[in-house]
Amino acid sequence: QVQVVESGGGSVQAGGSLRLSCIVSKYTLTNNCMGWFRRAPGKEREEVAAMRNGGTFPEYADSVKGRFTISQDNGRNTAALQMNNLKPEDTGMYYCAAYAPYGGSCMVGDWADGGYWGQGTQVTVSS
């Protein structure tokens with residue numbers, strides 16, 4: 001059974017940093033994607049960052065470009081999301097997912113629903 005487990009959420013003041021981690025087990029990541037999504041209260045889910053396994057071109061939502069960095073450790077089936085200069089609007093539940101790419105991209109929105117998801121980790125940024 002595929003498992004996706006996130007860790008590293010927490011509370012931080014605006015301008016601070018957090019690092020989220022994700023580990024995927026029993027899933028072949030070769031040529032597939034790992035992505036980070038978030039859902040803020042009262043808002044739709046947003047895909048914030050994604051990266052193809054073994055790839056060199058991470059993809060980001062405009063809202064986090066220059067502040068968030070996604071990385072992967074292919075050998076360990078793990079991914080991380082380094083979040084710097086956090087803003088109150090970054091508050092939300094963050095989810096890691098493993099899924100197939102679509103059209104050569106890993107920023108696939110609802111297409112990722114066909115993949116495997118973790119339970120989420122809460123990030124709270126206070127002003």
Side-chain angles (χ1 to χ4, degrees):
Q1 181 177 352
V2 176
Q3 286 190 320
V4 180
V5 180
E6 307 98 337
S7 61
S11 297
V12 66
Q13 289 191 326
S17 299
L18 284 173
R19 184 177 178 86
L20 306 183
S21 297
C22 173
I23 183 165
V24 181
S25 58
K26 300 183 180 180
Y27 181 75
T28 300
L29 277 171
T30 303
N31 295 321
N32 286 325
C33 306
M34 290 185 76
W36 289 94
F37 298 71
R38 69 185 180 190
R39 187 186 295 277
K43 294 186 178 181
E44 294 186 354
R45 188 181 70 190
E46 178 186 18
E47 184 169 11
V48 298
M51 190 170 185
R52 194 158 184 172
N53 180 258
T56 58
F57 298 104
E59 300 171 85
Y60 299 97
D62 289 342
S63 58
V64 306
K65 279 182 181 176
R67 301 188 298 120
F68 289 14
T69 302
I70 187 173
S71 59
Q72 285 191 16
D73 182 336
N74 298 330
R76 296 185 177 184
N77 272 17
T78 61
L81 185 68
Q82 178 66 41
M83 306 185 294
N84 298 328
N85 190 21
L86 283 161
K87 303 176 180 180
E89 52 263 43
D90 294 319
T91 294
M93 187 68 78
Y94 282 69
Y95 300 90
C96 176
Y99 50 91
Y102 183 82
S105 174
C106 285
M107 290 293 278
V108 298
D110 292 344
W111 172 262
D113 286 344
Y116 298 91
W117 290 71
Q119 293 299 307
T121 185
Q122 177 69 34
V123 171
T124 302
V125 184
S126 58
S127 58

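This structure is a prediction, so every number in the text was calculated from the model and none was measured.
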Qualifying residue, where the test is side-chain contact (heavy atoms from CB on, under 4.5 Å) with M51 and the options are Q72, M34, E59: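 Result: among Q72, M34, E59, Q72 is the only option passing the side-chain contact (heavy atoms from CB on, under 4.5 Å) with M51.
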
Rounded distance (nearest 0.5 Å) linking atom [atom1] of [X] with atom [atom2] of [Y]:
X   : Y    : atom1 : atom2 : value
R39 : E44  : CZ    : CD    : 8.0 Å
N53 : N77  : CG    : CG    : 7.0 Å
S7  : Q119 : OG    : CD    : 13.5 Å

Pairs flagged by ring pair (Phe, Tyr, Trp, His ring centres under 6.0 Å) wherever residues 70-92 is involved - sequence neighbours left out: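 Sorted pair list comes back empty.
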
With sequence neighbours left out, which residue pairs that include part of residues 64-95 fulfil the ring pair (Phe, Tyr, Trp, His ring centres under 6.0 Å) condition?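 Found none.
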
Would you say CD of Q13 has more than 12 non-hydrogen atoms from neighbouring residues, nucleotides or ligands within 6.0 angstrom? no

Within a reach of under 6.0 Å around CH2 of W111, are more than 12 heavy atoms found that belong to other residues, nucleotides or ligands? no

Beyond-backbone contact of [X] with [Y], side-chain heavy atoms, under 4.5 angstrom:
X    : Y   : answer
Y60  : I70 : yes
V123 : L20 : yes
S71  : Q82 : no
P58  : T69 : no
N31  : R52 : yes

Going by salt bridge (Lys or Arg N to Asp or Glu O under 4.0 Å), name the residues that satisfy it together with [X], two or more places apart in sequence or in a different chain.
X   : answer
E89 : none
K65 : D62
R19 : none

Could you pull out the closest heavy-atom pair between [X] and [Y], with the gap in Å?
X    : Y    : value
N32  : P101 : OD1-CD, 3.6 Å
Q122 : T91  : NE2-CG2, 4.1 Å
E6   : G120 : OE1-N, 2.9 Å
L81  : A49  : CD1-CB, 3.9 Å

Quick one: name the residues clustered hydrophobically with V5, using the 4.5 Å side-chain heavy-atom rule over I, L, V, M, F, W, Y, and just say none if it's on its own.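 Members alongside V5: I23.
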
Are R38 and V64 close enough, and set up right, to give a side-chain contact (heavy atoms from CB on, under 4.5 Å), and what steps lead you there? CA-CA 12 Å; R38 69 185 180 190; V64 306; 3.9 Å; yes

So if you build clusters from Ile, Leu, Val, Met, Phe, Trp, Tyr with side-chain heavy-atom gaps below 4.5 Å, do M107 and W117 land together?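 Unlinked, M107 and W117 end up in two clusters.
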
Taking only residues two or more places apart in sequence or in another chain, which ones pass ring pair (Phe, Tyr, Trp, His ring centres under 6.0 Å) with Y27? Y116

Worked check of side-chain contact (heavy atoms from CB on, under 4.5 Å) between V48 and F37: CA-CA 5 Å; V48 298; F37 298 71; over 6 Å; no

With sequence neighbours excluded, residues passing side-chain contact (heavy atoms from CB on, under 4.5 Å) with A40: K43

Sorted by first residue and then second, give each disulfide (SG to SG under 2.5 Å) pair with at least one member in residues 65-114; sequence neighbours left out. C22-C96, C33-C106

Suppose the criterion is salt bridge (Lys or Arg N to Asp or Glu O under 4.0 Å): which pairs have a residue in [range], not counting sequence neighbours?
range            : answer
residues 95-106  : none
residues 100-127 : R45-D110, R45-D113
residues 95-104  : none

